[in-house]
Amino acid sequence: MHRRRFLARSIGGAAALGGAAAQNQERPRSDLPSKFTPSAYSVPSTKYSPFTVPDYYTYADNLTIERRRPGKPHTGKVLAAVQAHSDDIPLFAAGTVAKLIDEGYTGYLIRISNDEAAGRTLGYGVAQNETDNEDAARALGCKKAFSFYYRNHRMDDSAIIEIRARLIFLFRLLQVNTVVCMDPYNHYDENPDHIVAGKAVEGACWMAGGGKEYPEHFKAGLKPAHVRDKYYYARSPQGHNLVNRIVDITPYIDTKVRVNMANKGKGPAGTAGSRLRQELLRQGKKLPLLGDNDDTANFQYVKFFLMEDSRLFGRQFGCEYVEAFRYIAPEPNYLDNIRRYAAAHAVPA
Ligand SMILES: [Zn+2]
């Protein structure tokens with residue numbers, strides 16, 4: 001079914017059920033007195049997905065929209081997409097990771113937990129999510145996936161310096177230039193793993209470039225890694241984050257859908273579409289949107305329900321589908337700038 005027809009129908013259906021979803025797509029009423037200026041903006045949501053956009057964002061005055069770059073401008077550069085759990089990158093940043101890889105980056109997916117809390121039993125959860133992580137990496141176009149296997153939802157029971165040290169090793173081994181990871185200052189996040197993972201990555205990015213940290217690495221042949229830029233994403237629904245970069249992921253939305261379908265053990269995607277299709281068939285019904293086979297049902301379910309918030313959010317920026325980041329740009333070369341100033345202004349002594 002054409003998306004617009006589906007949306008018209010779903011919004012109409014929601015209105016018939018009391019209009020909850022339709023109302024959620026409007027800017028909510030505010031009782032904020034006029035003497036105050038809002039400092040956070042509520043993010044519209046279809047309420048079709050438990051995870052896609054946070055409740056609020058604040059925006060930087062130099063926000064930029066990053067669009068698809070022609071050619072392969074990132075050829076020779078290395079990207080590390082780091083996640084606490086197998087569904088973090090797929091849900092919040094898969095479009096951007098796929099875009100950067102398509103633009104020339106060599107990508108690696110690094111998962112820090114063992115995801116034991118998401119599966120039929122803890123043991124099955126570990127095995128299923130290990131496979132899912134590999135499949136998601138393949139769907140993203142990554143060269144390789146790594147897993148650290150720290151216990152799920154217990155990462156604050158692990159020594160963050162050990163996680164950080166392992167990341168420093170990998171960043172140096174892979175010579176990482178760019179990271180995509182959870183914002184280490186993700187406000188109101190209930191999940192302890194996210195905060196630990198974000199903080200470990202942040203420290204590792206800085207320390208991997210030093211020549212004094214873990215000097216035995218250099219004896220083993222590694223070189224410092226200079227992580228130049230970072231894309232920090234926020235987790236919903238609790239997130240409340242500064243956004244200065246909107247990435248237009250429209251050309252990569254189907255890839256993002258496939259990456260999420262790879263997450264069978266965790267997250268809201270996986271085989272949810274085929275399960276809904278089977279449930280309806282048992283009642284003698286079908287939803288035309290879900291098509292006539294399980295693969296189509298899984299794809300359509302993710303694209304039309306779980307990705308709808310990305311589309312609704314993107315509309316505010318004139319794009320079809322977007323992801324939002326606190327982007328940290330490469331630092332200027334201070335010494336070069338000072339020398340350039342000196343060269344331009346020096347007079348005979
Ligand atoms: Zn997570």
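Between Y233 and F325, the ring-plane angle classifies as perpendicular under the 30° and 60° cut-offs.
Side-chain contact check for K199 and Y185: at least one donor-acceptor pair (N or O, by modelled atom type) lies under 3.5 Å. The closest side-chain donor-acceptor pair between T46 and D309 falls under 3.5 angstrom. Counted by atom type alone, N177 and H226 present zero donor-acceptor pairs between their side chains at under 3.5 Å. Side-chain contact, D229 with T178: a donor N or O sits under 3.5 Å from an acceptor N or O. Judged by distance alone, the side chains of D132 and S86 never bring a donor and an acceptor atom under 3.5 Å apart. There is a side-chain donor-acceptor pair under 3.5 Å between S147 and R111. Side-chain contact, K266 with N152: a donor N or O sits under 3.5 Å from an acceptor N or O. Side chains of N186 and H194: a donor-acceptor N/O pair is absent below 3.5 angstrom, by distance only. Remark: the R245 side chain and the T64 side chain contain an N/O donor-acceptor pair separated by less than 3.5 Å. Between the side chains of Y149 and E130, at least one donor N or O lies within less than 3.5 Å of an accepting N or O. Remark: the Q128 side chain and the D115 side chain contain no N/O donor-acceptor pair separated by less than 3.5 Å. Side-chain contact check for N62 and N244: no donor-acceptor pair (N or O, by modelled atom type) lies under 3.5 Å. A donor-acceptor pair shorter than 3.5 Å cannot be found between the side chains of Y150 and N114.
Closest of all the heavy-atom pairs between I112 and A197 is CD1-CB, 3.9 Å. Considering every non-hydrogen atom in both F171 and A80, the closest pair reads CE2-CB, 4.0 Å. Between L167 and A204 the shortest heavy-atom distance is CB-CB, 3.7 Å. Closest heavy-atom contact between T255 and A139: CG2-O, 3.5 Å. For the pair P73 and P70, the tightest heavy-atom approach, listed with the atom from each and the gap, is CD-O, 3.5 Å.
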side-chain contact (heavy atoms from CB on, under 4.5 Å) evaluation trace for L287 with Y301: CA-CA 10 Å; L287 195 57; Y301 182 97; over 6 Å; no
Check against salt bridge (Lys or Arg N to Asp or Glu O under 4.0 Å), K264 and D135: CA-CA 10 Å; K264 296 182 174 63; D135 291 345; 5.0 Å; no
From CA spacing to verdict: ring pair (Phe, Tyr, Trp, His ring centres under 6.0 Å), Y327, Y231: CA-CA 5 Å; Y327 173 74; Y231 292 77; 4.8 Å; yes
Working for salt bridge (Lys or Arg N to Asp or Glu O under 4.0 Å), residues R326 and D183: CA-CA 8 Å; R326 163 73 171 110; D183 192 323; over 6 Å; no
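V201 and L170 fall within a single hydrophobic cluster, where Ile, Leu, Val, Met, Phe, Trp and Tyr are joined by side-chain heavy atoms under 4.5 Å apart, directly or via other members. When hydrophobic clusters are built by joining Ile, Leu, Val, Met, Phe, Trp and Tyr residues whose side-chain heavy atoms come closer than 4.5 Å, directly or via intermediates, Y108 is not grouped with I168. I328 and W206 fall into different hydrophobic clusters, defined by Ile, Leu, Val, Met, Phe, Trp and Tyr side-chain heavy atoms under 4.5 Å apart, directly or through other members. A single hydrophobic cluster is seen to contain both F169 and I160, as judged by linkage of ILVMFWY side chains at heavy-atom distances under 4.5 Å, directly or through other members.
Using a 4.5 Å heavy-atom cutoff, the side chains of D254 and F299 are in contact. Inter-residue side-chain proximity for P38 and L32 is flagged as met; some heavy-atom pair is nearer than 4.5 Å. Counting heavy atoms from C-beta outward, V179 and E202 have side chains that stay 4.5 Å or more apart. Counting heavy atoms from C-beta outward, L290 and K286 have side chains that stay 4.5 Å or more apart. L140 has its side chain within reach of I89: a pair of non-hydrogen atoms, C-beta onward, lies under 4.5 Å apart. Within the 4.5 Å cutoff, no side-chain heavy atoms of V322 are placed close to those of Q316. By the 4.5 Å heavy-atom criterion applied to side chains, R311 and R315 are counted as neighbours.
Taking CZ from R277 and CZ from R282, the interatomic distance works out to 11.5 Å, rounded to the nearest 0.5 Å. Rounding to the nearest 0.5 Å places OG of S274 at 8.5 Å from CE of M261. R68 CZ to K99 NZ: the interatomic distance, rounded to the nearest 0.5 Å, is 9.5 Å. Note: L222 CG to R172 CZ = 7.5 Å, rounded to the nearest 0.5 Å. Atom CD of E320 and atom CG of L312 lie 12.0 Å apart (nearest 0.5 Å). Rounded to the nearest 0.5 Å, atoms CG (N133) and CD1 (I110) are 10.5 Å apart.
Within a 6.0 Å radius of NZ in K72, more than 12 heavy atoms belonging to other residues, nucleotides or ligands are found.
A cation-pi contact links R166 to F148, judged by a cut-off of 6.0 Å to the six-membered ring centre and 45° from its axis. F305 does not carry K303 over the face of its six-membered ring by the limits of under 6.0 Å from the centre and within 45° of the normal. Taking the ring axis of Y124 as reference, the NZ or CZ atom of R120 stays within 45° of it and closer than 6.0 Å to the ring centre.
Taking the six-membered ring for Trp and the full ring otherwise, F317 and F313 have centroids separated by under 6.0 Å.
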